[in-house]
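Heads up, the thing below is written out as structure tokens.
Residue numbers begin at 1 in each chain, while the letters A, B, ... track the order of the sequences.
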There are 2 protein chains.
Amino acid sequence: MALDRDHVLRSAAALLTRKSTATMDEVARAAGISRATLHRHFAGRDALVRALEALGIAECEAALNRARLDEGPAADAVRRLVREIQPAAGLLAFLYGENQLWEGEGQNTGWLGLDTRISALFQRGQRDGELRIDLTPGWLTEAFYGLITSCAWATVDGRVAPRDFPTMVAELLLGGALRRAES
Amino acid sequence: MALDRDHVLRSAAALLTRKSTATMDEVARAAGISRATLHRHFAGRDALVRALEALGIAECEAALNRARLDEGPAADAVRRLVREIQPAAGLLAFLYGENQLWEGEGQNTGWLGLDTRISALFQRGQRDGELRIDLTPGWLTEAFYGLITSCAWATVDGRVAPRDFPTMVAELLLGGALRRAES
DNA sequence: CCGTGTTGAGACACTCATGTCTCAGGCGAG
DNA sequence: CTCGCCTGAGACATGAGTGTCTCAACACGG
């Protein structure tokens, strides 16, 4: 039962990443169950999205924990973070585009904590003189989400290989497109 | 009449940037006209979105032309491009998230030309030794769109000031978050 | 003053996703 | 075997958004 629920959430996330307007019926079929059973798990579409949001937040937090953001150079922490967050990238991309979640005051406070932790990582990098200070931590956090989303979609469409995901996101975010003078 | 149509498109773009699921009625009210008149301009929601797509492509092409991508260093060309494309950023953000446009074979070929031109700019930068070669032009193009989208949303939400838009996008895309060794 | 043309408001039917319900079939536990 | 539970399939009502239509009000030029 609990396993079923998780399985449904996973396949729903995979489907909604590709087609964010998928029907409840499509979601059910993607999970290999009927619409009736889907409704027995989740009261409605809203409840499903909320559950996906909670799952996304939980996976993000787990990834943040595994990445040990406060250890070693900030750049390496960012690389670890991107690598750990990749499995949740598709789900994140879906949620990032679901602006329904951000308007209104009912937004999940979990995002705030996530933003704070990621932002703190960039702040630490700036304090240590490792990261430039003319790009605000808030914008870096935003750009982080944006690049994750872009690369997740590019991966789904086959324009980026899954194995290149961590490099593409982390190296662009950290080093940019310009060639370094040396090294 | 032609002016009206353009005005409707502009306000529709502004509204849909904030709320991509806005009703035809909301779009009409945002433009200060009735739903009936809106339908006299655009046969339906699909036609409206297609018109917005065409507008977005046209504005992008105009921005590309103004930016003179093949002149001077590639990095400067990217900076010019971001600056010129800023007015269309909101519209681009909406279209970028409208995955309905990308699935199916009816997708507008204008995007292909755009992608090609932007990708060519990155390729030129790589050929000149100005840009790193471990990030593919395709991914840089994708990341370009992604950062435009993220910054457009951040601007709408007030997390980024409009005047900082060009710097934030271009400098992150080009230089990344890492502090340069020197200069 | 009078036709012409456009607009806004509203009514209407239609489609589609949703939410709820019922019922028959299957499957495992006792 | 039989009972209880879960599931899938389908019917049904509902609501929202849409597309079409009519009609009265209005502005404008002749």
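- With a 6.0 Å radius and a threshold of 12 heavy atoms from other residues, nucleotides or ligands, Arg132(A) has its CZ atom above the threshold.
- Considering only the side chain of Met24(B), dT18(D) comes nearest among dT18(D), dG8(D), dG19(C).
- Among the atoms of the strands shown, base atoms are found under 4.0 Å from some heavy atom of Arg35(A).
- Using a distance-only test at 3.5 Å, with no hydrogens or angles considered, a donor-acceptor pair links the side chain of Asn108(A) to the main chain of Gly110(A).
- Not one N or O on the side chain of Glu130(A) forms a donor-acceptor pair closer than 3.5 Å with the backbone of Arg179(B).
- Looking only at atom types and distance, the side chain of Trp153(A) has no donor-acceptor partner in the side chain of Glu142(B) under 3.5 Å away.
- Asp25(B) has its CG atom 11 Å from the P atom of dG10(C), to the nearest Å.
- Each of Ala36(A) and Ala22(A) has a nearest nucleotide on DNA chain C; the 5'-most of these lies closest to Ala22(A).
- Distance, Arg40(B) CZ to dT20(D) C1': 11 Å, rounded to whole Å.
- Distance CG (Leu48(B)) to P (dG19(D)): 10 Å, rounded to an integer number of Å.
- As a whole-Å value, the separation of Glu26(A) CD from dT18(C) C1' is 13 Å.
- In this structure, Leu38(B) atom CG and dA9(C) atom C1' are separated by 15 Å, rounded to whole Å.
- No hydrogens or angles considered: nothing links the side chains of Thr116(A) and Ser119(A) as a donor-acceptor pair under 3.5 Å.
- Atom CZ of Arg29(B) is separated from atom P of dG8(C) by 11 Å (rounded to the nearest Å).
- Note: CG (Asp46(A)) to C1' (dG15(D)) measures 16 Å, nearest angstrom.
- Considering only side-chain atoms of Thr23(B), the nucleotide from dT20(D), dG17(D), dG8(D) that sits closest is dG17(D).
- Toward the 5′ end of DNA chain C lies the nearest nucleotide of Gly32(B), the other residue of the pair Arg45(A) and Gly32(B) mapping further downstream.
- Nearest nucleotide to the side chain of Ser34(B), out of dT20(D), dA9(C), dG19(C): dA9(C).
- Atom-to-atom, CZ of Phe42(A) to P of dA17(C) comes out at 21 Å; the value is rounded to the nearest Å.
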